[in-house]
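All remarks here apply to the structure that follows.
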Amino acid sequence: MLKAVILIGGPQKGTRFRPLSLDTPKPLFPIAGLPLIQHHIKACKRLASCKEILIIGSYTTTTMAQFVNDMQIEYSPVIIRYLQEFTPLGTGGGLYHFRDQVRAGNPTAFFLLNGDVCADFPLEELWAFHEERPNALVTIMGTEATRQQSIHYGCMVQEPTTKAVTHYVEKPSSYISTLINCGVYVCSLQIFHTMADALQKEKTGFYSNGQGSPPPGYMSFEQDVLSPLAGTNKLFAMQVGNWWSQVKTAGSAIYANRHYLELQPRPQRQPGHVLPHVHVHPTADVDCTAVIGPNVSVGEGVTIKAGVRIKESIVLNNATINEHALVMYSVVGQGASVGEWSRVEGTPSDPDPDKPFAKMDNVPLFNSEGRLNPSITVLGSGVVVPAERIVLNSIVLPHKQLSRSFKNEIIL
Amino acid sequence: MCGSDKKLGDIRALILVGGYGTRLRPLTLSRPKPLVEFANKPILMHQIEALVEAGVTQVILAVSYRAEDMEKELTEQVSKLGVTLTFSHETEPLGTAGPLALARELLSASPEPFFVLNSDVICEFPFKDLAKFHRSHGKEGTIVVTKVEEPSKYGVVVYKENGEIEQFVEKPQEFISNKINAGMYILNPSVLDRIKLQPTSIEKEVFPFMAKDEQLYAMELQGFWMDVGQPKDFLTGMCLYLTSLRQKNSDMLHEGDGVVGNVVIDPTATIGKGCRIGPNVTIGPNVVVEDGACIKRSTILRGACVRQHAWLDSCIVGWRSVVGRWVRMENCTVLGEDVIVKDELYINGGQVLPHKSIALSVPEPQIIM
């Protein structure tokens, strides 16, 4: 029997996803028509031996209740539960805190997945790889990055025949390796002993360093567990070539949207004139003269009127796009509305298609001259864009009624 | 004497066409400026028709550029009006007065006064009233003046209540008057004695002397006035002209589905369904506007095509150009002749040279070669 644990952080985390995360917790943000972590749950369900999925985070239980309930019904008989951390405990602390929940029922091992990664999850292969290595405490799913980009991730050096990880550094300041940690693991239950030892070392810190240091129980899985395990022949990495990406910003949501859409089977019939890789919720009303796609997700209850053009965008529930408008490289928030003939346009920040293994560059919000870096345009929930305006490379906070055009601005 | 106008005899007019029209590029890269259609008729024709109505029988065009093209096209149109067209060709630019000296023989062939006008001017041409007023005071010259909001950008005219001009002040720092030279005059042939055949400025080197001699008068223009020598003013002038059409209840204005405000549409143009055209739009011959397009405050020249769902505001679309589907163009974008703007682009203040295909958006004003 196997289990899965999905780590989702909390409202203090994922702030680069604002303003979208002001209305919807990032783990629940719909990508290719499904909440972000539903893609993880789907992947786990494909493994027959996975019987329970635990979601650990510091969002309140009420925030997650509806989602968990829906998942419980959809993916039954897999048990799906949400465990709220009493305080943010880092990427390892929550897992250790709820170890009894994980160990209950004596699973052979469990998958550990970061809630903000997107991938074509190869869970079967990961499990097979881990099973072959009885010494393995953790198997890390790895992928290749470019030299320059690798330092933004967890870098691993691996012994070529055994695949053991001999060296692990989280976000090094200089180049170590192009093999990076995808945030997807298989863990044996003995990992909790390792984590107990790591905690012991931390316990002294809190009371001597005073207010502001992380609370007791806080642990970084990468730095406090993986890093020390490197070189002990208990840590292994399986390199995969599958598509993998993180969702940190609205731009990366659009990128992930495209890839998840490409993975989905093509539906039989679509309303309107639809180009490939589009998801339209069955309750959305799309005029037959609208041209949608490529890479568009349209949520529940959305209205798309005549002559509209949407591409490379995510349109959230109950939004309205009025006649002849154009939406591209944008996220249109829940219940937002775009007036007739208006233009809502952003700039993609996709990885360089010419560089193999290139990942998204998560550029800062402002450039060195203090100007806004061109990025995906985000209309927060309830935003109203009047007719005939342009909103270009801008971020509009929820419920703002715009009165004019905007370019390269954050509108509070 | 009583009631009827004295017969004016053989009246001449000189139109200063002169320059290369560089401020109206990229349009003037394909056609000489006087032939660029303003509200679906070459600017020059607006002027010549008004002159003919005032009894002009000979029009002299003072040109320094592309005379051959103009000659061919204009002579045909103008002959229908019963007027002779003569070209006075400057081999070097002669300024605003020099061309008069160049055409001296033609202009002094009769003792009647002659009209002079700047080819960029559009207004409710007052040539009949100008001639009447000129005869009434009997001095050497009369200038039309017009009221503007920002006179310091121009040369300002100061005159007495009876019209006698006292002085000209170029670009005054402090407010003196809000009347400027509107670029239209009527002059006696004796004025030609004041002009040498060399580059001369009429405002700086001729008029001030005439004013000193108390030989120069001003007549105030009624109605709108615009110098349409650059795209921004071309569009403003178009709006003023269309407003004046509305005031005269002209049947040139188009009414109908999807038409808002003052709009002129050539009968050979086709407009699709669900479009919104206007206010202040002129659409030329054989233009195709496809379904769902919205055009405001713009001029679409002959043979152009605006494709589905495009949105245009304050633009000039050159002859035979194609504006793609869902394109947004604004802020005095000017497309030269035969420009293609691909679907879904955004052009903000672009000046696009002829025969260019645009595949990328232009979010900030730029010249595209």
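Chain naming here is simple, since letters A, B, ... match the order of the sequence lines and numbering starts at 1 in each.
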Original post:
Is it the backbone or the side chain of N348(B) that comes under 4.5 Å from a heavy atom of chain A, or both, or neither?
Top reply: side chain
Subject >> Greatest number of heavy atom pairs closer than 4.5 Å to chain B - which of N393(A), V308(A), I390(A) >> reply: I390(A)
Subject >> Exercise: identify the closest heavy-atom pair between R343(A) and W326(B) >> reply: NH1-O, 3.6 Å
Subject >> Best-contacting candidate, E340(A), K311(A), K407(A), E323(A), against chain B by heavy atom pairs under 4.5 angstrom >> reply: K407(A)
**OP:** Mark yes when over 12 heavy atoms from residues, nucleotides or ligands other than R147(A) sit less than 6.0 Å from its CZ; otherwise mark no.
**Re:** no
Original post:
Which atoms of E364(B) come close to chain A, meaning under 4.5 Å heavy atom to heavy atom: side chain ones, backbone ones, both, or neither?
Top reply: side chain
Original post:
Hey, is R328(B) close enough to E345(A) for a salt bridge, meaning N to O under 4.0 Å?
Top reply: no
Original post:
Is the count of non-hydrogen atoms from other residues, nucleotides or ligands lying under 6.0 Å from K400(A) atom NZ greater than 12?
Top reply: no
Original post:
Which bit of E388(A) is near chain B, if near means a heavy-atom gap under 4.5 Å: side chain, backbone, both or neither?
Top reply: both
Original post:
Taking the side chain from W341(A) and the backbone from G292(B), do they hold a donor-acceptor pair closer than 3.5 Å?
Top reply: yes
**OP:** Taking heavy atoms only and a threshold strictly under 4.5 Å, list by residue number the residues of residues 256-290 of chain B that touch chain A; give 'none' if the list is empty.
**Re:** G274(B), R276(B)
Original post:
Residues of residues 300-320 of chain B under 4.5 Å from chain A (heavy atom pairs)?
Top reply: H309(B), A310(B), W311(B)
**OP:** Give a yes or no on this: more than 12 heavy atoms of other residues, nucleotides or ligands lie within 6.0 Å of atom CD1 of I367(B).
**Re:** no
